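These notes concern the structure reproduced below.
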Amino acid sequence: MLIFEKSDKGRFATAQAPKSHADVSDLPESMLRKKPAGLPEVSELQAVRHFTNLSRKNFSIDTQFYPLGSCTMKYNPRGAHRAASLPGFLSRHPLAPESHSQGYISCVYELQEILKEVTGMAGVSLSPMAGAQGEFAGVAMIKAYHDGRKDFDRTEIIVPEAAHGTNPATAVMCGYKVREIPVRADGDVDLDALKEAVGPQTAGIMMTNPSTCGVFEKQIEAIAKTVHDAGGLLYYDGANLNAILGKVRPGDMGFDVLHMNLHKTFATPHGGGGPGSGPVAVGERLLPYLPTPIAGKREESGFDVFQWLDDSDLPETIGRLSAFMGNAGIILRAYIYAVLLGREGLHRVGEYSTLNANYMAKLMDNAGFKLAYPERRATHEFIVTFAKQAKELGVTAMDYAKRLLDYGYHAPTTYFPLLVPECFLIEPTETESIEELEGFVEAMIKIQQEAEEKPELVKQAPYTQPVSRLDDVKAARELDVAYKSDQN
Amino acid sequence: MPFIPHTDQDVQKMLDVIGVDTIDDLFDEIPVHLRAKSLDGVPEGLSEMEMMRRLNERADQDAGALCFIGAGAYEHHIPAAVWDIATRGEFMTAYTPYQAEASQGTLQLIYEYQSMMCALTGMDVSNASLYDGASGLAEAVLMAIRANRKSKSRKVLSVSTLHPLYGKAVDSIVGNQDISLDTLPMDDANLTVDLSKLSEFEGQDYAALIISQPNFFGSIEDVNQLTNWAHANGMLVIAVVNPTSLALFTPPGEWGETGADIAVGDGQPLGIPLASGGPYYGFICCTQKIVRQMPGRIIGRTVDLEGKEGFTLTLQAREQHIRRSKATSNICTNQGLAVTASTIYMSLVGYEGLSRVAKACHANAKTLADSLQEIDGVSVKNTGPFFHEFVIELPVSAELVLGEMAERGVLAGLEIKPYFDGRDNQILVCATEVKTDADLSFYAETLKSVLASVGGA
């Protein structure tokens with residue numbers, strides 16, 4: 001039931017608002033709202049009960065194993081949330097003067113330094129508010145670089161066909177044309193096709209390593225050389241940074257600019273779809289273009305004083321992407337995560353996420369499931385394809401995903417990357433125990449048996465959720481995206 | 001090893017099954033010379049206890065002053081229930097609701113959020129949120145250009161009374177797509193858009209007009225006249241609004257004859273703490289006619305196999321994961337947790353509570369403005385009605401006064417000079433419902449004493 005359907009005229013949480021209506025008779029009538037807005041009218045307990053019960057309908061990391069590939073659903077440390085919610089942080093206004101900002105800016109500054117070290121890059125800006133905004137900043141900086149050298153013929157961005165949809169969408173938002181290149185059967189970019197595709201029109205290439213196919217791009221140095229020789233720059237989509245954190249640095253692989261997803265690699269809460277944070281890091285060439293504001297430090301009478309650097313300090317900046325400094329509280333949580341893990345902990349992220357993925361891949365392989373890239377090492381994630389089951393049993397990846405919910409597991413990512421048919425992209429992360437991984441594989445074995453013996457059972461799943469399969473077609477055709485009461 | 005559960009036995013078992021000797025063997029596809037040495041530049045890890053000690057010190061450094069700064073981020077009372085519920089693990093650690101059956105909590109909540117934003121703004125449709133108000137405005141500009149069928153123009157008309165940081169963000173975001181923005185000038189005396197200059201901007205084929213209400217200076221614009229003028233000249237209207245103010249003033253859906261076409265703003269005032277600027281969220285609402293041009297996620301109500309009500313992501317064909325380079329926007333995440341908090345907030349206070357909050361804000365701002373006007377050498381610059389913010393002019397340097405006030409525990413406002421020429425010695429002051437009479441008096445007394453000591457009074 002919607003909260004509107006529980007409403008009764010005149011109810012609200014009376015403890016939460018001023019006791020009466022203040023006098024506003026000095027405001028002209030013509031400017032004032034005539035009819036009330038149709039917001040809920042419930043008591044405080046009704047609201048608390050309604051939303052608490054809604055929460056119980058969700059799968060979450062805190063309640064289930066959630067191996068969503070490419071999303072890095074690792075444990076979100078409660079300590080990070082607790083510290084970020086200290087009153088001194090929550091009450092600080094974004095435009096507070098320097099005298100009342102040293103605590104916060106020092107945390108931002110230190111995170112910038114840690115991320116530089118971890119990525120092997122020369123500069124970092126934490127302001128982009130999500131991966132997609134980080135990508136936007138990265139591509140905009142590439143454009144600023146070429147424009148700055150009056151190299152205006154570079155109109156194309158190259159993107160592997162397996163790339164995440166945000167990559168080509170971002171290139172277009174920056175005024176570029178997109179040129180897609182194929183990926184080979186072993187999961188790596190087709191280097192010959194790349195050599196054909198580069199030229200004086202190439203602004204750069206956007207790619208991920210490990211790639212969206214869950215394997216390490218072995219020819220990365222050759223790719224970097226090919227693009228650099230043609231005068232283009234390399235953009236690294238950091239969505240898969242968890243696989244190599246502490247083991248390989250994108251800067252060392254030849255990338256000129258990258259973004260990170262703090263809500264993936266740095267364990268900030270996923271929140272039901274956000275907020276995220278997509279900081280960018282650059283090599284020397286792109287330092288002048290970083291988006292503002294950036295935390296800076298100066299010395300005064302032997303003390304460190306922290307400050308914001310804005311467009312007066314970076315005159316060639318691509319500008320600002322938000323009103324203030326991006327998702328400030330998320331940045332703080334990522335800083336705290338980095339502080340808790342430290343040098344050794346960060347080093348282990350890549351190791352154990354890779355160990356967990358390889359173990360699961362081996363178990364799935366041993367159980368008879370088809371790995372998309374069986375001859376390759378898994379990185380922090382791997383792909384299984386159900387093309388055979390779809391063809392022979394009529395049971396698709398979607399069906400397996402829905403039946404997994406009945407076994408108490410959130411399904412992995414489905415149907416991405418697009419070039420592997422009927423696939424699961426499975427990413428356990430390093431914070432999952434061996435029992436959890438084995439339990440998932442056992443569930444998959446049971447579902448496979450069901451698919452062979454009674455496929456209809458799998459095709460109509462799930463049975464144990466608040467709803468059964470939803471009619472997506474109806475949702476789009478008979479668009480109902482807001483409750484309209486009589487008042488609206 | 002924080003958060004990594006593996007025992008030595010676990011690791012050995014796993015390596016045996018995989019068929020390698022060490023974890024390092026799993027990285028054998030990576031060229032040796034690319035492997036990182038240890039991360040020497042990163043300090044050693046702290047325990048949670050040690051971390052809390054450090055973070056407590058840092059938080060204390062920034063705490064303690066009375067804040068009278070607004071300028072796009074506003075201090076309001078947030079009921080305890082809001083974040084107690086929003087930070088339940090089931091809300092906080094869930095992800096994008098791609099498996100709808102396992103995410104009905106989040107999906108229904110967002111549907112309710114969308115409904116509430118429509119009610120508040122008076123518009124037909126809302127999305128599931130964008131990153132913040134400023135980037136939301138940029139998306140609205142792109143949307144208006146796509147949606148305005150009568151105009152092929154890539155020019156948009158803005159107002160000089162728009163929040164300057166919003167203006168800068170819009171420039172950065174749309175600048176690479178051959179889009180230009182002009183601005184309607186301000187009536188300097190009034191701190192509102194100069195309506196007498198409107199005719200100069202006719203016949204120039206703008207795709208849209210941006211109207212900010214209240215504007216950056218807190219002043220209330222004549223939105224009806226601006227809306228009708230824009231529509232008469234073939235422009236779509238983009239309303240940039242403060243959500244608390246919508247419990248007091250005419251909502252965008254009712255501006256002019258036919259209402260605004262797109263309404264955006266920042267949802268922070270609805271249950272989100274100041275928290276150094278984020279995470280907040282941008283809301284975007286529009287008329288039914290142009291819903292297919294709206295960026296971002298949208299949740300729709302439908303039924304399941306048994307005809308039971310359920311909620312799911314819909315109209316996904318607009319989005320990047322389907323349309324890729326032809327998507328309406330590259331946006332992927334929304335601001336889920338912030339939206340969750342706001343929805344709970346709006347449910348608790350309701351329209352009745354929100355309208356009391358809005359009125360209390362107005363009353364406090366008015367009281368403060370009146371008392372500051374009484375101080376020798378200080379004058380309030382807004383000649384017309386204003387909402388919870390106003391501009392005062394000081395007889396001496398604003399920077400100096402702000403510094404002195406800060407030392408005495410009052411963050412007295414935002415210096416305007418860095419953003420607007422010819423406004424030396426002016427500050428933007430905000431007072432919301434959280435300020436008591438004692439707080440307001442303290443501000444006035446402190447200002448008086450500062451001016452006396454710097455020789456301005």
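Below, all heavy atoms of this structure are taken into account, side chains as well, without hydrogens, waters or symmetry copies. As the structure is a prediction and not an experimental result, all values here were calculated from the model. So you know, we letter chains A, B, ... as the sequences are listed, proteins then strands, and number each from 1.
- Contact record, Ser60(A) with Ala94(B): CB-N, 3.8 Å, taken as the closest heavy-atom pair.
- Note on ring orientation: taking the six-membered ring where Trp is involved, the planes of Tyr111(B) and Phe311(B) are tilted (angle from 30° to 60°).
- Proximity to chain A is limited to the side chain of Ile85(B), based on heavy atoms less than 4.5 angstrom apart.
- Within the 4.5 Å cutoff, the side chain of Val481(A) has no heavy atoms near those of the Leu315(B) side chain.
- Using a 4.5 Å cut-off between heavy atoms, Leu90(A) contacts chain B through both its backbone and its side chain.
- Rounding to the nearest 0.5 Å places CG of Leu26(B) at 4.5 Å from CG of Asn358(A).
- Both the backbone and the side chain of Lys57(A) come within less than 4.5 Å of a heavy atom of chain B.
- In this structure, chain B has heavy atoms under 4.5 Å from both the backbone and the side chain of Pro466(A).
- Both the backbone and the side chain of Arg376(A) come within contact range of chain B, each with at least one heavy atom under 4.5 Å from a heavy atom of that chain.
- In this structure, chain A has no heavy atom under 4.5 Å from any part of Ser129(B).
- With a 4.5 Å cut-off on non-hydrogen atoms, Val339(A) touches chain B through its backbone and its side chain both.
- One finds the CG atom of Asp10(B) at 5.0 Å from the CD1 atom of Ile434(A) (value rounded to the nearest 0.5 Å).
- Ranking Pro168(A), Ala17(A), Ala83(A), Ala130(A) against chain B, the residue ahead of the rest is Pro168(A), based on heavy-atom pairs under 4.5 Å.
- Ser172(B) and Arg320(A) share no side-chain donor-acceptor pair at under 3.5 Å.
- Atom CG of residue Leu340(A) and atom CZ of residue Phe3(B) lie 5.0 Å apart, to the nearest 0.5 angstrom.
- Neither the backbone nor the side chain of Pro87(A) comes within contact range of chain B, judged by heavy atoms closer than 4.5 Å.
- Across Val349(B), Ile173(B), Asp24(B), Val357(B), the residue that shares the most heavy-atom pairs under 4.5 angstrom with chain A is Ile173(B).
- Residues Phe4(A) and Glu112(B) form a side-chain contact, since some pair of their non-hydrogen atoms from C-beta on lies under 4.5 Å apart.
- Contact annotation for Thr431(A): both backbone and side-chain heavy atoms come within less than 4.5 Å of a heavy atom of chain B.
- Using a 4.0 Å cut-off between a side-chain N of Lys or Arg and a carboxylate O of Asp or Glu, Arg88(B) and Asp62(A) do not qualify as a salt bridge.
- Proximity to chain B (any heavy atom under 4.5 Å) is shown, for Phe51(A), by both the backbone and the side chain.
- For a residue to count as touching a neighbouring chain, one of its non-hydrogen atoms must lie under 4.5 Å from one of that chain's; by this rule Asn76(A) touches chain B with the side chain only.
- The most heavy-atom pairs under 4.5 Å with chain A, out of Glu57(B), Glu101(B), Gln335(B), come from Glu101(B).
- Heavy-atom pairs under 4.5 Å with chain B were tallied for Glu117(A), His93(A), Met129(A); the largest tally goes to His93(A).
- Ring orientation note: the planes of Tyr104(A) and Phe89(A) are nearly perpendicular, at an angle over 60° on the 30°/60° scale.
- Both the backbone and the side chain of Gln104(B) come within contact range of chain A, judged by heavy atoms closer than 4.5 Å.
- Heavy atoms closer than 4.5 Å to chain B are found nowhere in Glu344(A), neither backbone nor side chain.
- Ranked by heavy-atom pairs shorter than 4.5 Å toward chain A, the options Ala134(B), Pro31(B), Ala59(B) are led by Ala59(B).
- Put simply, CG on Leu39(A) and CE on Met346(B) are 6.5 Å apart, with the number rounded to the nearest 0.5 Å.
- Contact count against chain A (heavy-atom pairs under 4.5 Å) is highest for Arg301(B) among Gln114(B), Glu433(B), Arg301(B), Met52(B).
- By number of non-hydrogen pairs under 4.5 angstrom with chain A, the leading residue of Ala363(B), Pro251(B), Pro273(B) is Pro251(B).
- Residues Leu34(B) and Met253(A) have side chains in contact (heavy-atom distance under 4.5 Å, counting atoms from C-beta outward).
- Only the side chain of Lys143(A) comes within less than 4.5 Å of a heavy atom in chain B; its backbone stays farther off.
- Contacts between Asp266(B) and chain A at a heavy-atom distance below 4.5 Å are absent for every atom of the residue.
- Contact annotation for Thr414(A): only side-chain heavy atoms (C-beta onward) come within less than 4.5 Å of a heavy atom of chain B.
- Salt-bridge annotation for Glu90(B) and Arg56(A): absent, with no side-chain N of the basic residue lying under 4.0 Å from a carboxylate O of the acidic one.
- Neither the backbone nor the side chain of Leu402(B) comes within contact range of chain A; no heavy atoms are under 4.5 Å apart.
- The parts of Leu348(B) that come within reach of chain A are both its backbone and its side chain, each placing non-hydrogen atoms under 4.5 angstrom from that chain.
- Interface residue Pro28(A): only side-chain heavy atoms are found under 4.5 Å from chain B.
- Among Gly72(B), Ser126(B), Ala100(B), Pro79(B), the residue with the largest count of heavy-atom pairs under 4.5 Å with chain A is Pro79(B).
- In this structure, Met73(A) CE and Thr413(A) OG1 are separated by 9.5 Å, a value rounded to the nearest 0.5 Å.
- Only the side chain of Leu479(A) has a heavy atom closer than 4.5 Å to any heavy atom of chain B.
- Put simply, the side chain of Glu430(A) does not reach to within 4.5 Å of the side chain of Pro5(B), judged on heavy atoms.
- Proximity of Ile61(A) to Tyr95(B): side-chain heavy atoms (C-beta onward) are nowhere separated by under 4.5 Å.
- By number of non-hydrogen pairs under 4.5 angstrom with chain B, the leading residue of Glu351(A), Arg249(A), Lys116(A) is Glu351(A).
- If you take CD on Gln99(B) and CZ on Phe59(A), they are separated by 9.5 Å, rounding to the nearest 0.5 Å.
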